[in-house]
Every structure is written in structure tokens, then in C-alpha cells.
Amino acid sequence: MNTVKVKLPDGSEKTLKNGVTLAEAAKSVGNRLAKEALAARINGDLVDLSAKLENDVAIEFLTFDSEQGREVFRHSSSHLMAYAVQELFPGTKFGIGPAIEEGFYYDFDKPGGFTEEDLNAIEKKMREIAARAIPFRRREVSRKEAMERFRSLGEVYKVELLEGIEGDTVSLYELGDFVDLCRGPHVPDSSYIKAFKLTGLAGAYWRGDERNKMLQRIYGTSFTKEKDLKEHLHLLEEARKRDHRRLGRDLDLFSFHEEGPGFAFFHPKGLVVWDALMDFWRKEHRKRGYVEVRTPIILARSLWEQSGHWDNYRENMYFTVIDDRDFAIKPMNCPGGLLIYKTHLHSYREFPLRCAEVGLVHRHEKSGVLHGLFRVRQFTQDDAHIFLLPEQIVDEVVGIIEFVDFMYKTFGFSSTVELSTKPEKHIGSDEMWEQATSALKAALARVELDYKLNEGEGAFYGPKIDFHIRDCLKRTWQCATIQLDFALPEKFDLSYIGSDNQRHRPVMIHRTLYGSIERFLGVLIEHYGGAFPTWLAPVQAILLPVGESHRPYAATLLERLRNAGVRAEADLRDDKIGFKIREAQLQKVPYMLVVGDREVSSGAVSVRHRQRGDLGPQQFEDFLASLQAEIENRTL
RNA sequence: GCUGGAGUAGCUCAGCCGGUAGAGCACCUCACUCGUAAUGAGGGGGUCGUGGGUUCGAAUCCCAUCUCCAGCUCCA
């Protein structure tokens with residue numbers, strides 16, 4: 001055959017000469033595509049543009065606009081960086097260098113590590129290499145040959161990778177003198193990589209295992225256009241301004257101190273938001289038939305031995321001794337809740353028994369993982385333990401998922417869902433795990449939620465469904481969780497009386513909605529950039545008298561606002577109105593109420609909204625009514 | 001916990017090679033009585049994270065330690 005037929009994503013077909021490269025094929029489609037294509041997908045497989053066409057195929061060209069196109073581009077960028085490192089620092093050993101969501105990285109083993117200056121030098125070298133338009137060449141060799149080659153170069157990490165690869169042939173990619181074990185594909189040559197920046201330097205364990213040697217990881221990001229790179233860096237800068245640790249201080253919400261690493265101190269304004277969150281939470285729980293309990297923070301060691309925490313969670317727990325007896329500070333609320341359950345004989349008629357607990361727990365997290373309110377050593381869980389019959393599980397889990405969904409919608413959050421299964425360290429039989437996991441899957445299927453499966457990531461007592469929310473820097477944080485537990489009821493010998501008048505073992509669900517109030521508050525701060533919706537705002541309205549003579553009027557309105565349940569303040573200082581507005585704006589107060597002669601004489605307020613600006617005068621009663629409605633409706 | 005970086009006034013930061021600490025904002029006082037993002041003047045405030053060491057002398061050099069930041073590992 002002298003020709004091949006290619007089918008394009010838009011359905012059109014083209015007939016091309018047999019043996020043309022994909023780059024040439026792209027050109028036949030259009031100049032623009034030829035310029036923007038980075039790689040291609042043929043019949044579903046990713047290939048280089050230098051690949052030749054020898055059969056009739058369906059082609060999809062990948063550009064930077066697609067996720068896979070970006071991945072190829074960034075992956076090639078990491079090779080470019082590795083080449084620069086090889087040139088500048090001979091003897092450096094190479095780990096892996098993949099593309100990641102916002103860029104790429106490469107792990108290196110270089111004695112002494114890299115410095116910031118090294119990074120600049122590497123970046124400079126990369127520009128040099130990029131300008132030379134060096135082609136990426138693919139070569140397929142036998143696994144054995146590749147092994148010998150990397151072994152002779154002393155590339156121990158590559159050899160280790162090869163040992164783990166199935167199959168007889170592997171592909172190598174050459175970029176100038178830099179050869180890497182790599183599946184590909186890559187962009188045609190180094191000149192494609194125009195706009196890039198090395199963004200970070202950090203240690204990373206080989207293969208992500210802390211028992212392995214720590215390598216030096218260099219992070220970078222790259223784009224096809226300089227403009228996009230600039231925009232990306234600008235967005236990062238903007239995101240940093242939303243950092244809850246910064247806003248927490250600027251808005252006077254909370255603080256951390258050397259005297260209590262990982263323990264948050266909540267300031268008056270932070271506590272107002274906290275209370276608003278919890279008022280909402282309690283109201284919604286009462287509607288759904290929950291009761292609430294509170295259990296002690298310090299409980300005897302024997303309880304934790306019984307629950308399995310002693311064996312499975314000890315390294316995260318704090319201990320103390322009281323009257324020569326060993327106690328533990330609770331890392332979870334469940335064992336205490338179980339003691340309450342056991343104070344009565346329960347009937348199946350009570351089920352599902354929904355028992356909530358806003359519990360303060362302590363966990364000894366490794367020092368390096370602490371992170372503002374997102375990762376602390378003391379936090380408050382909006383926990384609940386639900387006791388129920390096995391046949392009630394799916395309905396109950398569906399109900400909780402809908403509850404989570406309702407709560408998150410109120411805040412304007414979207415979340416992603418993950419299902420985690422049996423971990424290595426666990427209690428309970430395989431059969432229990434199987435039963436519990438399939439129940440969770442059934443519930444997810446019923447609500448038609450897409451989820452990610454995390455094998456072996458469950459809690460030690462049961463599988464779980466987690467809800468993750470993204471922070472300002474796109475890191476995701478687990479908030480809500482639903483955990484099924486057949487094991488603890490067993491360990492604590494829980495029972496209920498069934499309709500047959502016999503004792504039976506109940507099933508237990510652990511669940512949280514906010515997860516940790518501390519974390520959730522942190523996520524909220526970033527989500528709103530500190531500008532809380534009015535129902536959550538520490539100060540909902542502030543009165544700003546223009547001059548001294550308007551203070552009595554402001555004081556009267558302040559009282560009326562407060563009597564109406566509004567969190568209001570008045571700025572009665574001797575300052576210009578512009579100054580007071582600036583301060584209120586910086587504190588992100590939703591409503592600023594300017595009062596001067598005009599307002600005093602007409603019973604009005606001049607309303608300024610923090611985002612919408614000057615809204616003009618309104619009768620005070622009208623303003624109050626609309627403010628109350630906004631708070632009542634939890635308007636975003 | 002590990003790798004790298006950083007700790008100077010409430011905040012942001014300056015202080016080169018060692019000579020005994022400074023700015024802006026904030027705070028306090030006074031004057032101004034003001035109409036939608038900063039009125040002016042004056043003043044107070046730091047044992048330079050902590051503990052050792054080197055030195056005639058340490059914010060500065062060395063060691064240890066604590067905390068924070070980025071990442072890894074781990075997790076709500």
C-alpha cells in the first residue's frame with residue numbers, strides 16, 4: 001500500500017503517503033496545528049510526532065490545551081532540566097522526573113545537594129539547551145541492554161526501575177547526551193520548551209518511602225508561551241494572599257505560639273465564626289434526629305487497649321499518669337461514646353441511633369507536618385457514632401452523603417470523594433471488611449457519585465468514604481468522612497435486643513461533616529479569601545459616623561442592630577471617614593454604614609458593601625430587614 | 001521524623017567584611033470635626049528565638065536547641 005487513511009477527531013478523513021511522520025500529517029491538516037502539536041494519540045496510544053504512519057489509523061494531535069498535551073510538555077521539560085543537571089554536575093545520579101499537575105520535577109542524587117544559585121545556573125543551562133533545538137530521540141532496546149548500559153553508568157536508580165519493569169523491550173529517550181529510561185512520548189525537540197521556571201527545591205525519599213535514601217527534588221513549571229508562565233506565577237502570588245495563616249493574623253481570628261506547637265489559639269473574632277458554624281451544625285443535626293453527647297478527654301489506658309488504639313494508634317497518642325494509673329489523651333471519640341452506649345440495654349426500635357459528639361482530640365503528629373489550621377495536634381471533630389442494623393447501612397450512608405452535600409453546598413464548596421479499603425494494620429475479620437466495603441460501594445452507587453479508590457488506606461477499624469476540599473494552593477484536604485465499623489462493637493461487646501427478643505451485635509458508623517472544625521475553618525478562610533458570607537462574618541455591619549455630632553445616632557443604631565441579633569460595631573474614633581472605610585474594607589466587613597447629617601435627619605444609613613461599593617442611602621428599617629434576610633438565608 | 005531555608009519592635013523588613021540596632025505601618029498623646037480605601041505633629045516600644053562557646057567586644061562567627069516555612073513521609 002502506498003497510502004494510509006487517517007481519521008481525525010472531527011470525523012474527517014485524510015489520505016496520506018505511507019510512511020509519513022505524524023509531524024508531516026499534522027502539517028497536512030493545517031499550519032497552526034503543525035505548530036501547536038506536541039505529540040499524538042494513535043488508536044489510543046500516545047506517540048511522538050516523529051513516529052511514522054504505516055497503517056490506517058485514528059489520530060488525535062495533542063496540544064498544550066489538553067491535559068495530556070501539557071503532561072507530555074512538562075515531562076519533556078523535566079528531561080531538559082535533567083540534561084542541564086548532567087552537564088553542570090557530572091556524577092549526579094538520576095531518579096525519576098514526571099510531570100505533575102502544575103509543572104514537573106526530577107529527583108537527583110547529588111552529594112551535598114543543590115543551592116539556590118545552582119538552581120539559577122540550571123535554569124540558565126536549560127535556556128541554552130532549549131535554544132539549540134536538540135531533538136528527543138526514541139530508541140527501543142532490550143531490557144538487558146538497558147540494564148547493562150545504566151549499570152555501567154552507575155545509575156543505580158534506573159537499574160532498580162528496570163528490575164521492576166515487565167517485558168523484554170524498553171524505550172530510551174535521548175536528548176543530546178542525556179539518555180533516560182522513559183515511556184514517552186516527548187515533544188520533537190528542546191526548542192519547544194520556551195517558557196519555564198524552576199520553582200522549588202526539596203528533599204524527597206526515593207520511591208516515596210521514608211526508609212529509602214532522600215534525594216534532591218527540583219520542582220519547575222513550564223508553558224508554551226511566556227505570557228502563560230507569567231500569569232501562572234501571578235496566580236500563585238494571588239493564592240498566597242489567601243493563605244489562611246496570613247488572613248488568620250490579619251483578620252485577628254487565631255494565632256499559634258511557640259508555647260504550643262500545633263495547638264491553635266482562637267481569638268474573639270475567630271470564635272464568632274466557629275460558633276456560627278456550630279450553631280448551623282447543631283440546628284441541622286437536630287432536624288435529622290441526632291442527639292449529642294460529650295465524653296472526657298483523658299481516659300484509662302485499659303480502654304484504649306480494649307479498643308485497639310493501643311496496638312494500632314499508640315505512636316500518635318499522648319499519655320499521662322494519674323494516681324499511679326496510666327491514662328491516654330483521646331485521639332478519637334469513639335471509645336468514650338461506646339461507654340455511653342453500654343449504659344443502657346438498647347432495642348432495634350431505637351435504630352439508627354444517631355449520637356453526635358463535638359469532641360476535642362489530640363494526636364501527636366510528626367513535627368514536620370504541622371500546617372496552620374490544616375494540620376494541628378489538637379482539634380475538634382464534629383463526630384457522630386451511629387448504631388444501626390446491617391440492613392440499614394446503605395440507607396443511612398446515603399443519608400449522610402446527602403447531609404454532607406447539603407452542608408458543603410451551603411458554603412459553596414465542591415469536593416471530591418475517595419473510598420479507602422482495608423489497610424495492613426487492621427482489626428476485624430476479612431469477611432467483616434468485605435461486607436463493610438461493599439455496603440459503602442452500594443451507597444456510592446445509589447447516589448451516583450464518582451469516587452477514587454484508595455486500596456489499603458482505610459482506618460484500622462473499617463473502610464471509609466472521604467470528602468476532600470482543595471485549598472488555595474490546590475492542595476486537597478480531607479474533611480468529611482464516613483467510616484463503617486464492625487470491629488469496635490465486637491471488641492466492646494455491644495448489643496441490642498432484636499424483634500426476636502434475642503441479643504444481637506449492632507453495626508456502627510463513625511462520621512464527620514466538617515471533619516475538624518479547625519481545618520474546616522482554615523479551608524473556609526481560603527475559600528472566601530477572608531471575606532466570609534454575612535452569616536459567618538465576625539462583624540456583619542459597622543457604623544461609621546462622619547463627624548462627632550453623628551455619634552449618638554450611630555450609637556442608637558448600634559444598639560438596634562445588636563438587639564436584632566446582628567453582630568455590629570461602631571467606629572467612633574476621631575478619624576476621617578475615608579480612613580474608617582479603609583479599615584473596615586481591610587477587615588472585610590460586609591456592610592459599612594456611613595451616617596452623617598443627611599442620615600440623621602432622615603432616619604437612614606448610607607450603605608457601602610465591601611465588594612459592591614457605595615449602594616446609596618436606605619431607610620434603616622429596610623436595611624435591617626434585608627440584612628436579616630441575608631443572614632437567615634446564609635446567602636453566599 | 002527526614003532534606004533544605006528562615007527567626008531583628010505587634011506586622012513587613014534593613015543592618016556589608018564582628019565595634020554595642022534602624023525604617024515604614026501599627027500603637028499612645030495632641031491638634032484637626034472631617035461624606036465613601038490612608039489628616040498632621042509628637043511620643044513610647046527590641047536582653048536581635050533560646051542556651052552555650054570564640055573574642056577586648058557578637059544581631060553579625062561556631063556548636064546545640066526550639067519554632068516557623070517549602071517539600072517528602074504520614075494524616076481529620
Side-chain angles (χ1 to χ4, degrees), chain A residues 105 107 112-116 119 199-219 240 243 245-246 249-250 252 255-262 313 315-316 331-332 359 361 363-383 420 457 459 464 466-469 473 475 477-481 483 510 512-520 522-523 544-551 573-586 592-599 606-610 613-617:
Chain A
Y105 67 79
D107 286 344
F114 296 99
T115 64
E116 288 289 327
L119 243 58
T199 52
L201 180 60
Y205 300 106
W206 168 239
R207 300 201 138 181
D209 189 328
E210 65 180 320
R211 288 165 299 197
N212 288 341
K213 182 166 179 179
M214 185 168 276
L215 309 180
Q216 303 288 316
R217 175 171 299 176
I218 301 180
Y219 285 91
R240 265 184 260 283
D243 192 312
R245 292 166 297 186
R246 181 190 185 85
R249 191 187 58 224
D250 292 350
D252 200 14
S255 58
F256 284 92
H257 302 274
E258 281 206 21
E259 291 80 353
Y313 209 74
E315 62 273 25
N316 282 304
M332 296 185 194
V361 298
R363 298 183 184 175
H364 182 239
E365 303 292 348
K366 291 178 180 175
S367 61
V369 305
L370 302 178
H371 184 93
L373 291 178
F374 288 167
R375 194 71 184 274
V376 289
R377 283 179 170 158
Q378 180 203 62
F379 60 99
T380 310
Q381 283 184 312
D382 62 322
D383 218 337
S420 301
E457 307 262 312
K464 56 178 186 169
D466 292 325
F467 295 76
H468 291 247
I469 298 177
L473 293 174
R475 294 176 285 215
W477 298 90
Q478 184 184 321
C479 291
T481 184
Q483 312 184 343
H510 311 243
T512 63
L513 303 183
Y514 292 147
S516 138
I517 318 300
E518 287 80 355
R519 173 179 293 179
F520 196 78
V523 173
L544 307 176
V546 172
E548 195 174 355
S549 61
H550 313 120
R551 286 186 206 167
R573 295 175 300 177
D574 286 337
D575 271 301
K576 286 177 67 174
I577 193 70
F579 178 79
K580 294 181 185 178
I581 285 172
R582 177 182 157 79
E583 288 229 317
Q585 281 284 159
L586 291 174
M592 287 152 272
L593 307 175
V594 176
V595 292
D597 287 337
R598 297 199 292 268
E599 290 75 16
S606 272
V607 182
R608 182 189 165 98
H609 184 265
R610 67 184 167 201
D614 191 351
L615 302 178

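Per chain, numbering begins at 1; letters A, B, ... match sequence-line order. Keep in mind it's a predicted model, so treat the numbers as computed, not measured.
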> Which residue, Gly262(A) or Arg363(A), contacts RNA chain B at a nucleotide closer to its 5' end, judged by nearest heavy atom?
Replying inline: Gly262(A)
>> Assuming nearest nucleotide by heavy-atom distance, tell me which of Arg207(A) and Phe467(A) is located more 5' along RNA chain B.
In response: Arg207(A)
Taking atom types as they are modelled, is there a donor-acceptor pair under 3.5 Å from the base of [N] to the side chain of [X]?
X         : N      : value
Tyr205(A) : G71(B) : no
Glu365(A) : A76(B) : yes
Arg375(A) : C74(B) : yes

Is there a side-chain contact between [X] and [Y] in this structure, where contact means two heavy atoms from C-beta onward sitting under 4.5 Å apart?
X         : Y         : result
Arg573(A) : Pro545(A) : no
His510(A) : Met332(A) : no
Val546(A) : Val594(A) : yes

> Does A70(B) have OP1 or OP2 sitting under 4.0 Å from an N or O in the side chain of His371(A)?
Replying inline: yes
>> Using OP1 and OP2 only, check whether a side-chain N or O of Tyr219(A) sits under 4.0 Å from C72(B).
In response: yes
Using the [atom1] atoms only, state how far [M] lies from [N], rounded to an integer number of Å.
N      : M      : atom1 : answer
C34(B) : C27(B) : P     : 23 Å
G46(B) : U39(B) : P     : 28 Å
G49(B) : C13(B) : P     : 15 Å
C48(B) : U8(B)  : C1'   : 4 Å
G57(B) : U65(B) : P     : 26 Å
G15(B) : C28(B) : C1'   : 27 Å
A76(B) : G52(B) : P     : 42 Å
A21(B) : C30(B) : P     : 31 Å

Atom [atom1] of [X] and atom [atom2] of [N]: how far apart are they, to the nearest Å?
X         : N      : atom1 : atom2 : answer
Arg217(A) : G71(B) : CZ    : C1'   : 8 Å
Arg573(A) : U33(B) : CZ    : P     : 19 Å
Glu548(A) : C34(B) : CD    : P     : 10 Å
His257(A) : C66(B) : NE2   : C1'   : 16 Å
Asp252(A) : C11(B) : CG    : C1'   : 12 Å
Trp206(A) : U73(B) : CH2   : P     : 13 Å
Leu370(A) : C66(B) : CG    : P     : 14 Å
Leu215(A) : G4(B)  : CG    : P     : 13 Å

>> One thing to verify: whether Arg608(A) and Asp614(A) come together as a salt bridge, which I'm taking to mean a side-chain N less than 4.0 angstrom from a carboxylate O.
In response: no
> Are any of the side-chain nitrogens in Asp243(A) or Arg249(A) under 4.0 Å away from the carboxylate oxygens of its partner?
Replying inline: no
> Which residues pass the salt bridge (charged side-chain N to carboxylate O under 4.0 Å, His left out) test with Asp382(A), sequence neighbours left out?
Replying inline: none
State whether a side-chain donor-acceptor pair under 3.5 Å links [X] with [Y].
X         : Y         : result
Glu599(A) : Ser606(A) : yes
Arg207(A) : Tyr205(A) : no
Asp597(A) : His550(A) : yes

Applying a 4.0 Å non-hydrogen cut-off, can you work out what [X] is touching in the nucleic acid: base, sugar-phosphate, or nothing?
X         : answer
Gly208(A) : sugar-phosphate
Lys213(A) : nothing
Val361(A) : nothing
Asp466(A) : nothing
Ser367(A) : base
Gln216(A) : sugar-phosphate

> Atom CD of Gln483(A) and atom OG1 of Thr512(A): how far apart are they, to the nearest 0.5 Å?
Replying inline: 7.5 Å
>> For A76(B), is there a stacking contact with Trp477(A), counting only centres under 5.5 Å and planes under 30°?
In response: no
Provide the Watson-Crick or G-U wobble partner of [N], both distances under 3.5 Å; none if there is no partner.
N      : value
A76(B) : none
C2(B)  : G71(B)
U65(B) : G49(B)
G10(B) : C25(B)
G35(B) : none
G18(B) : none
U60(B) : none

Out of [options], whichever nucleotide has its closest atom nearest the side chain of [X]:
X         : options                : result
Gln478(A) : C74(B), A76(B), C34(B) : A76(B)
Glu258(A) : A76(B), U67(B), U3(B)  : U67(B)
Arg245(A) : C72(B), C69(B), U3(B)  : C69(B)

>> Walk along nucleotides 36-45 of chain B from 5' to 3' and tag each nucleotide B, S or - by protein heavy-atom contact under 4.0 Å, base first, then sugar-phosphate.
In response: BBBB------
> Which pairs pass salt bridge (charged side-chain N to carboxylate O under 4.0 Å, His left out) with one or both residues in residues 364-375 of chain A, sequence neighbours excluded?
Replying inline: Glu210(A)-Lys366(A), Glu365(A)-Arg375(A)
